[in-house]
2 protein chains.
Amino acid sequence: MSERTTGGLTEKGRATRQRIVEATALRILDAGVDGTSLDDVRAATLTSKSQLFHYFPGGKAELVRAVAQWEGEQLLAAQEPHLSDLSTWESWEAWRQGLEAYYLGLGRWACPIGSLTAQMAATDAETAAFLRTAWTTWRTRLAAGVRRMQATGSIDPAADPDRLATSVLAAIQGGLLLSQPERASWPLEAALDTAWATLHTPATAGTPTRS
Amino acid sequence: MSERTTGGLTEKGRATRQRIVEATALRILDAGVDGTSLDDVRAATLTSKSQLFHYFPGGKAELVRAVAQWEGEQLLAAQEPHLSDLSTWESWEAWRQGLEAYYLGLGRWACPIGSLTAQMAATDAETAAFLRTAWTTWRTRLAAGVRRMQATGSIDPAADPDRLATSVLAAIQGGLLLSQPERASWPLEAALDTAWATLHTPATAGTPTRS
DNA sequence: CTATGATTGGACCATGCAGTCCAATGAGCA
DNA sequence: TGCTCATTGGACTGCATGGTCCAATCATAG
């Protein structure tokens with residue numbers, strides 16, 4: 001882990017590095033990792049080959065990892081302040097709307113982290129490991145919200161917060177995937193509506209007993 | 001000349017073509033489309049470059065499209081006979097188990113169609129269009145099952161079968177995605193358990209009025 | 001001013017890739 | 001036996017790509 005936040009990087013340098021990361025993130029989002037060449041990045045950022053390798057000695061792999069990290073931070077930031085609240089249904093609603101607005105703003109019906117996971121999980125173990133922690137963070141934050149709702153009796157206290165949070169994330173990611181070929185958001189809406197219904201469901205039949 | 005079925009392909013020819021498709025499908029499943037070179041395919045099938053272009057004049061794009069079609073057929077076939085039934089909870093359970101077994105058999109926690117959608121939706125419009133119909137078919141079959149359950153009163157008749165089916169598909173795909181970095185199936189299980197709970201939920205609060 | 005290190009430019013290289021081409025072989029048919 | 005067409009082999013081309021390298025410039029501390 002290169003902890004060179006202070007070591008050997010000037011203000012200008014960090015700005016350039018950041019410019020590279022953001023441009024690469026954009027390009028990756030709608031062309032994929034393999035569809036994004038270093039020359040593309042170079043052209044988009046008005047930089048030179050040597051700069052790319054100066055700021056990312058590990059080459060493309062390291063650049064992609066930097067993109068993954070930045071996208072993770074962006075995604076979490078975009079969900080604030082609601083994600084840190086989630087203590088009322090209004091807060092949940094606001095969180096959902098904010099998240100959808102974020103995805104909408106990206107232009108494509110795709111989650112940066114989800115897409116990267118699909119692309120890298122099988123090929124780049126290191127990046128996959130980082131993405132794993134990103135998912136854990138997100139899930140943990142959501143689970144905390146579930147617990148808050150359980151405390152007020154709004155969600156069945158018998159439910160497992162982590163598993164419930166996971167199913168919400170799955171609804172989001174699956175909904176986004178299904179939205180892509182449709183070029184419309186209704187699959188995402190349908191998936192989230194159903195997840196919502198489950199959240200709102202009081203302690204009824206419970207989980208249908210399946211290990 | 002005899003043995004003509006369609007488009008000037010003999011028995012031997014069709015066998016070779018199929019061998020190419022299947023080997024390519026396998027390779028794509030765990031290396032991705034961009035991670036699969038025609039040379040890989042050539043080596044894996046003991047064929048020559050000219051054969052690849054003989055059977056797929058459109059080159060790699062056409063080959064990938066053939067893979068998509070074949071994977072779609074395989075996926076639907078793997079869900080039979082349950083997918084065509086889905087008239088009882090036992091049938092749904094059997095369907096789920098069969099599907100999970102299919103994915104498990106693929107080695108990776110990934111859906112061939114889902115992965116292809118994520119990879120091609122943004123880049124290859126033609127393949128994306130085909131995938132769209134694949135999803136529609138799958139969703140329609142599931143929705144038919146939902147309607148059967150509604151007919152017997154096992155599922156809330158007020159629910160929209162198509163949207164419910166979509167949310168189940170989303171749970172599957174999202175669950176698979178989340179399972180990848182974990183290298184474990186519990187996210188898929190959690191997502192499906194939650195979807196199951198929703199299906200079992202009788203007409204309660206209904207959809208929480210959104211959109 | 002000058003030394004040092006960060007920053008930048010861009011030519012260059014090796015490789016891998018999709019796709020082309022020509023020729024050889026095999027099989028059914030008259 | 002020849003004719004025709006599907007099938008196969010594999011060399012070859014052109015290009016894009018990741019990565020290397022050397023040198024030029026900029027900034028700043030002493």
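First the proteins, then the strands, lettered A, B, ... as listed; each starts at 1.
Using cut-offs of 30° and 60° on the angle between ring planes, the pair B:Trp196 and B:Trp92 is perpendicular.
Contacts of A:Thr45 with the nucleic acid, taken as non-hydrogen atoms under 4.0 Å apart, are absent. Across all strands shown, A:Thr10 has heavy atoms under 4.0 Å from sugar-phosphate atoms exclusively, and none from any base. Contact annotation for A:Tyr55: backbone-only contact, meaning every heavy-atom pair under 4.0 Å involves sugar-phosphate atoms and none involves a base.
The base of C:dG16 has none of its N or O atoms less than 3.5 Å from a complementary donor or acceptor on the side chain of B:Ser37. At a cut-off of 3.5 angstrom, the base of D:dG19 holds no donor-acceptor pair with the side chain of A:Lys60.
Remark: side-chain polar atoms of A:Gln119 are paired, donor with acceptor, to backbone N or O of A:Val33 under 3.5 angstrom.
Following rounding to the nearest Å, B:Gln51 (CD) and D:dG9 (P) show an atom-to-atom distance of 5 Å. Here C:dA6 presents its C1' atom at 14 Å from CD of A:Glu11, a figure rounded to the nearest Å. When rounded to the nearest whole Å, the span between CG of A:Leu46 and P of C:dG10 equals 11 Å. Rounded to an integer number of Å, the gap from B:Glu62 CD to C:dG19 P is 11 Å. One atom, CZ of B:Arg14, and another, C1' of D:dT7, lie 14 Å apart when rounded to the nearest Å. Here the P atom of nucleotide D:dA16 and the CZ atom of A:Arg42 are 13 Å apart, to the nearest Å. What separates NE2 of A:His54 from P of C:dG5 is a distance of 13 Å, to the nearest Å. C:dC12 atom C1' lies 10 Å from atom NZ of A:Lys49, rounded to whole Å.
Side chain of B:Leu9, nearest nucleotide from D:dT7, D:dG19, C:dA18: D:dT7. The side chain of A:Ser48 sits closest to C:dG9 out of C:dG9, D:dG9, D:dG19.
The number of heavy atoms from other shown groups lying within 6.0 Å of CD (B:Glu126) does not exceed 12.
Using a 4.0 Å cut-off, no side-chain N or O of B:Thr16 falls inside it from OP1 or OP2 of D:dT7.
The 5' end of DNA chain D is approached more closely, in terms of each residue's nearest nucleotide, by A:Asp39 than by the other of A:Asp39 and A:Ser50.
In plain terms, the two heavy atoms of A:Trp135 and A:Gly114 that are nearest each other are CZ2-CA, 3.8 Å.
The pair B:Arg19-B:Glu22 fails the salt-bridge criterion, with no side-chain N (NZ, NE, NH1 or NH2) lying under 4.0 Å from an Asp/Glu carboxylate O.
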